[in-house]
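Here's the structure, in structure tokens; my notes come after.
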Amino acid sequence: MDYKRTLNLLHTDFPMRANLPEREPEILARWEQMDIYRLVRERRRGAPRWILHDGPPYANGNIHLGQALNKVLKDIAIKYKTMRGYDCPFVPGWDTQGIPTEQGVEREYGLDRHDVPALAWRAKCRELAMKYVAVQREQFKRLGCRGDWEHPYLTLSPEYQARQIEAFGKMVGRGLIYRGLRPVYWCYHCETALADDEIEYADKTSPAIYVAFPLVDRPAILADLPPNAQVFLVIWTTTPWTIPGNTGIALNPGATYLVLRHNGRFYIVAEELAEQTMQAVGLTPFEKVAEAPGATFEGLRARHPLYDRPSTVVLADYVTLDQGTGCVHTAPGHGLEDYQTAVRYGLPIISPLDDQGRFTEQAGAALVGKVCDQANDDVVRMLSQAGVLLAAGSIVHSYPHCWRCDKPVIYRATNQWFLDIDRLREAALGEIEKAEWIPQWGRTRIAGMVAARPDWCISRQRVWGVPIPAFYCESCGDLVLREDVIAHVASLVAQAGAEIWWEREASDLLPPGTTCACGSTTFRKETDIMSVWIDSGCSHYCVLRTHPELGFPADLYLEGDDQYQCWFQTSLWIACALGDPAPFRTVVGHGFFVDETGQKLSKRKGNIKDPAEICNRYGADVLRMFFTYADFRSKMFLTESILEQVADAYRRLRNTARFMLTNLADFNPSHDAVPYEEMSALDRWALLRMQQVIARMTRAFDAWDLHLFHHELHAFVAAELSAIYLDCLKDTLYTELPDSRLRRSAQTALWHLLLDLTRLMAPIVAFTADEIWEHIRRIDPSLPVSVQLEDWPAVREEWLDPHLEERFEHLLRVRDAATAALDRAKKEGAFTNPLEAHLDIYATDAVLAAMEELGQEELKRFLIVSSLKVHDLREAGQATGDTDLVVTARLADGEKCQRCWQRLASVGEVAGYPELCQRCADCVSQWPGL
RNA sequence: GGGGGAGUAGCUCAGGUGGUCAGAGCGCGUCCCUGAUAAGGACGAGGUCAGUGGUUCGAGUCCACUCUCCCCCA
């Protein structure tokens, strides 16, 4: 006979197969329909605020994996903090202006910015930026991220732009903005200055030449030489085209320099590089004539080999002796260190190039019009003709490239706008000390960067951005840079957007009656715009300070660790420049993904993984779990096998929840729940373990150890619930009468476990947690409509029964010994299914006591066997070695009950039920509805 | 070259103040179950804790150096 009808084999609609790619969009639609963001905010109305300020991603394409990780981590933090009782508004933002969008317009619309008027160009840029805001918004939502997606902040909005201009005005008012001639990275393809953080280093092959600069003055140590002796300083450079900009030669003050004679001429090089240099230029053999420290050469003049002007010997600590000659060609218009040295010595700063990188007339007739680094050969030829070229070769070295067009950049002295970092440095370092940095080394890292960073070049020669609100007098050329004037511009921009700067004449943008000191009333507008890093760096001023639901400072900034150099820093500089404290209390940095070979994922390497594709194959929940699989604070590997592993872990969680849901199908918490005191020891143990797990997982979350959280959760579900507790429960759940105390006790425990597990999962496995929650609500419809409206589980101290825990420590040892014994007996052929086994357990004091206290029937349930007998170890007879626990297994006596499948003595003894044991016979006879 | 990280089983990770600390989960192999079934259970194999020297009675655990890798900067 089939006894299935007399068993509690229940059903759930919760499917085993997740099919997340299809199910998640349905859940999303539900969230949207119930307006989950608003619901959650309302639930926390009046609660303390916790504010995570969204660092704006750049809206110029589909989101990539790093952005997906970033937003999901933010979402996890917000959901966790909300469940912990905080009101967590989340206003997402986008960075929308700047060169990447301009390039996007050229690429996607096939336009050339030189052919399009500024306003039309800006309109195109705006259109493209808005397109990607819309695209990315949907992609972030698809990942399950909760936020005020319909009201994001956008750097291109008039209110944002106006606030940014206002902030600029304040910085001007504080005297922190200046305009100056400085070498900056210049991309002559993009025709713009680039900030340090817009540079990428890549290998480049460059010429490497040795040039002899004839000394005009005579060093003291060579006073004895005949007046007509020819003495040269030997320099080495990889940028011949900067020779026209040479105005000095730098020596290391402490290093020793040698004067070497070859063929009647004298050459000066550093001692450590002498042999190497003379070999390289073929001036052998040579003879040492004299030596002196670099400092003694200071101020001597050499003659520029191409022009009739001097090149002066200067001293600089940065001159190293690991390469070159120890005499460093110094072109102040083409290098930052060179520039700084030049300022110190008063050397001329020459940069004979135009915006397109072509030599101007200042470089002489032979070079004018030629593009700088394509003119290397010309310069080399000229040097050769001048008889000063000693050698020419080539070298592969790391060289700065433009972050957008990937072409090599140059250093070029230009007029730029700067933020005076020196005056802010101390304040910034103080704020860094006060903030919390996760991981901790983030503090050291950013402090080092802040301590060393030079003044910040904030201007760009572009159109798509916020104008630098400055004016110039048309008659005397004086700069008009005043806080009140800027405030006036800001008020105009607030109404009409930054477009007004291009739409109107200067006279319309200035406050009425503005007059220059020279008496003139006609002005022209500055044409530079602000760097996009000013845009995002102002976000705390433009967003946190203005949105009523937000506040300054934010509790958390959370970005990829490249932002130590970028947004974390620019936000801090702007705050300091405005006289504010740091805009963040805590800063969390996360790492990046690498492929199986440890290489960073990048478009160029062609090893990128599209988050959307992962969503389509595995689902957003698997991706979200993957983000917590490894420690996000360092680099993370992304491989197919790891994704598979995470997908397996997901299935385990899902199936365990499904098992619990199934066996709760006939459970009504308000009627059937068993009071804790009356629950079985096994059930109380499960609840005890759950409380411990809650405590540990909460600690992990608070410490940002999300990967520990992940592994803790999974290990608990797999190794304790699934492998032990739920397995032990099956007999009870299936075979006992539906309303039996033992079964209801088990269900009560399952109910608590399922509720807490689902709550714990909610921040990370967001979709599935709510999917489970929906089914939980069928059991208890009084629960809120989404698990997102729930509180984080609190540890029930009263369930942390230390005596119970100690007992189960012993019992788990027994269980380990029992399963091993069962395995041995099974392999010897005693039985195939351990359920049909009999165990003899030999133990001592504490273990014995634990088993006795649990009771025979409960112990049988715990070990999942048909019968067992507990003995004192002394009864074991044969030598037990040094162990205090012996378990043996054999086939149990009696016949197999056809209902519960245990081998029991009572089978065949019960009248009317020849195939059943006593318990099953009783159950069947009382089975409801039979 | 400078600054910041990391290196424990195939994978992802645990291993306060040095002495059962060589662990977990997954994966893998073998077996069981078929009343969680495109599920579930059991057992098993796998690591000289990157390397080399120290300190110590004793070191993944402290010190020095080396190697490899990642990030940022020049």
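Order of the sequence lines sets the chain letters (A, B, ...), proteins ahead of strands, with each chain counted from 1.
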Among rC11(B), rC33(B), rG4(B), which is the nearest nucleotide to the side chain of Asn833(A)? rC33(B)
Could you tell me whether Glu836(A) contacts a base, only the sugar-phosphate backbone, or nothing, with contacts defined as non-hydrogen atoms closer than 4.0 Å? nothing
With rounding to whole Å, what would you report as the distance between rC11(B) and rC28(B) at their C1' atoms? 11 Å
Contacts of Ala820(A) and Asp2(A) projected onto RNA chain B by closest heavy atom; the upstream (5') one is Asp2(A)
Rounding to an integer number of angstrom, what distance separates rC49(B) and rG23(B) when you compare their C1' atoms? 11 Å
Proximity of His334(A) and Tyr339(A) rings by center, below 6.0 Å: no
Looking only at side-chain atoms of Lys635(A), point me to the closest of rC26(B), rA36(B), rC70(B). rC70(B)
Between Ser641(A) and rG10(B), is there a contact of a side-chain N or O with OP1 or OP2 at under 4.0 Å? no
Paired with Phe709(A), the ring-ring contact (aromatic ring centres under 6.0 Å, His included) test is passed by just one of Phe632(A), Phe701(A), Phe627(A), namely Phe701(A)
Gap between atoms CD and P, on Gln645(A) and rU12(B) respectively (whole Å): 8 Å
Nucleic acid contacts of residues 5-16 of chain A, taken as heavy-atom distances under 4.0 Å to RNA chain B: Leu7(A), Leu9(A), Met16(A)
Judged by atom type as modelled, is there a donor-acceptor pair below 3.5 Å linking the side chain of Asn663(A) to the main-chain atoms of Phe659(A)? yes
Give Asp631(A) one of three labels, base, sugar-phosphate or nothing, depending on what nucleic acid heavy atoms sit under 4.0 Å from its own. sugar-phosphate
Are Thr656(A) and rA36(B) close enough that a side-chain N or O sits under 4.0 Å from OP1 or OP2? no
Thr662(A) near the nucleic acid: base, sugar-phosphate alone, or nothing, with a heavy-atom cut-off under 4.0 Å? nothing
Distance under 6.0 Å and angle within 45° of the ring axis: does Arg654(A) meet both against Phe14(A)? yes
Quick one: label Asp727(A) by what it contacts on the DNA or RNA (base, sugar-phosphate, nothing), any heavy atom closer than 4.0 Å. sugar-phosphate
Ring-face cation of Arg861(A) near Trp685(A) (centre distance under 6.0 Å, axis angle within 45°): no
So what does Ala649(A) touch, heavy atoms closer than 4.0 Å: a base, only the sugar-phosphate, or nothing? nothing
Write down the distance between CG (Leu664(A)) and P (rA36(B)), rounded to a whole number of angstrom. 15 Å
Side chain of Trp901(A): nearest nucleotide among rG41(B), rC70(B), rU34(B)? rU34(B)
When syn is taken as a glycosidic angle within 90 degrees of 0, is rG46(B) syn or anti? syn
Which residue lies more 5' along RNA chain B, comparing Ala723(A) with Phe659(A) via nearest heavy atoms: Phe659(A)
For the residue pair His710(A) and Tyr629(A), categorise the inter-ring angle as parallel (less than 30°), tilted (30 to 60°) or perpendicular (more than 60°). perpendicular
Ring centroids of Tyr734(A) and rA36(B) base under 5.5 Å with planes under 30°: no
Trp186(A): what forms a side-chain hydrogen bond (donor to acceptor under 3.5 Å, both in side chains) with it, not counting sequence neighbours? none
Considering only the P atoms, how many Å lie between rA59(B) and rC69(B), rounded to the nearest integer? 30 Å
Using a heavy-atom distance cut-off of less than 4.0 Å, which residues of residues 695-712 of chain A contact RNA chain B? His707(A), Leu708(A), His711(A)
Heavy atoms under 4.0 Å, any strand shown: does Lys827(A) hit a base, just sugar-phosphate, or nothing? sugar-phosphate
Residues in side chain to side chain contact (heavy atoms under 4.5 Å, CB included) with Ala695(A), at least two apart? Arg699(A), Val795(A)
Is rG60(B) syn or anti, taking syn as a glycosidic angle within 90° of 0? syn
Select base, sugar-phosphate, or nothing to describe what Arg824(A) touches, counting heavy atoms under 4.0 Å on all strands. nothing
Within the distance-only criterion (no hydrogens, no angle test), does the side chain of Thr242(A) pair as donor or acceptor with the backbone N or O of Thr239(A) below 3.5 angstrom? yes
Counting distance only, does the side-chain N/O of Arg899(A) pair as donor-acceptor with the main-chain N or O of Thr6(A) below 3.5 Å? yes
Could you tell me whether the phosphate oxygens of rG35(B), OP1 or OP2, come under 4.0 Å of any side-chain nitrogen or oxygen in Lys4(A)? yes
Between Tyr185(A) and Tyr411(A) (judged by ring centroids, cut-off 6.0 Å), do the two rings come close enough to count as a pair? yes
Let me see the working for Gln902(A) and Ser866(A) under side chain to side chain donor-acceptor pair (under 3.5 Å), right down to the final yes or no. CA-CA 5 Å; Gln902(A) 296 182 40; Ser866(A) 287; 4.5 Å; no
Below 4.0 angstrom from OP1 or OP2 of rG5(B), is there any side-chain N or O of Arg443(A)? no
rA42(B) to rA36(B) separation - P atoms, rounded to the nearest Å: 14 Å
Can you check the distance between rG7(B) and rG51(B), where both ends of the measurement are the C1' atom (answer in whole Å)? 11 Å
Verify whether the ring centers belonging to Phe808(A) and Phe862(A) lie closer than 6.0 Å. yes
Among rG35(B), rA74(B), rA36(B), which nucleotide sits nearest the side chain of Thr735(A)? rG35(B)
If you compare every side-chain N and O of Arg658(A) against the phosphate oxygens of rU37(B) (OP1, OP2), does one of them come in below 4.0 Å? yes
Looking only at atom C1', what distance separates rG16(B) and rG47(B), rounded to whole Å? 24 Å
Selected nucleotide, minimal atom distance to Gln565(A) side chain, candidates rC43(B), rA74(B), rC73(B): rC73(B)
What does Phe637(A) touch in the nucleic acid at a heavy-atom separation under 4.0 angstrom: a base, only the sugar-phosphate, or nothing? sugar-phosphate
For Ala342(A), all residues meeting side chain to side chain contact (heavy atoms under 4.5 Å, CB included), sequence neighbours excluded: Pro332(A), Leu347(A), Ile349(A)
According to the Watson-Crick and G-U wobble definition with distances under 3.5 Å, which dot-bracket string, read 5' to 3', encodes RNA chain B, using [ ] for crossing pairs and | for pairs with another strand? (((((((..((((.........)))).(((((.......))))).....(((((.......)))))))))))).
Among rG25(B), rG40(B), rG4(B), the one nearest Thr444(A) by side-chain distance: rG4(B)
Donor-acceptor contact present, side-chain Trp573(A) to main-chain Gly537(A), <3.5 Å: no
For Met660(A), report the nucleic acid contact type (base, sugar-phosphate, nothing); a contact means any heavy atom under 4.0 Å. nothing
Under 4.0 angstrom, heavy atoms only, what part of the nucleic acid is Thr639(A) near: base, sugar-phosphate, or nothing? nothing
Using atom C1' in both nucleotides, what's the gap between rG27(B) and rG3(B) to the nearest angstrom? 39 Å
Would you say Thr832(A) reaches rC31(B)'s phosphate, i.e. side-chain N/O to OP1/OP2 under 4.0 Å? no
Determine the Euclidean distance between corresponding C1' atoms of rU37(B) and rG15(B); express it in Å to zero decimal places. 38 Å
Whether Arg443(A) side chain and Ala435(A) backbone form a donor-acceptor pair below 3.5 Å: yes
Please evaluate the base of rA42(B) for a donor-acceptor partner in the side chain of Lys826(A) within a cut-off of under 3.5 Å? no
Please classify the nucleic acid contact of Arg899(A) as base, sugar-phosphate, or nothing, using heavy-atom distances under 4.0 Å. base
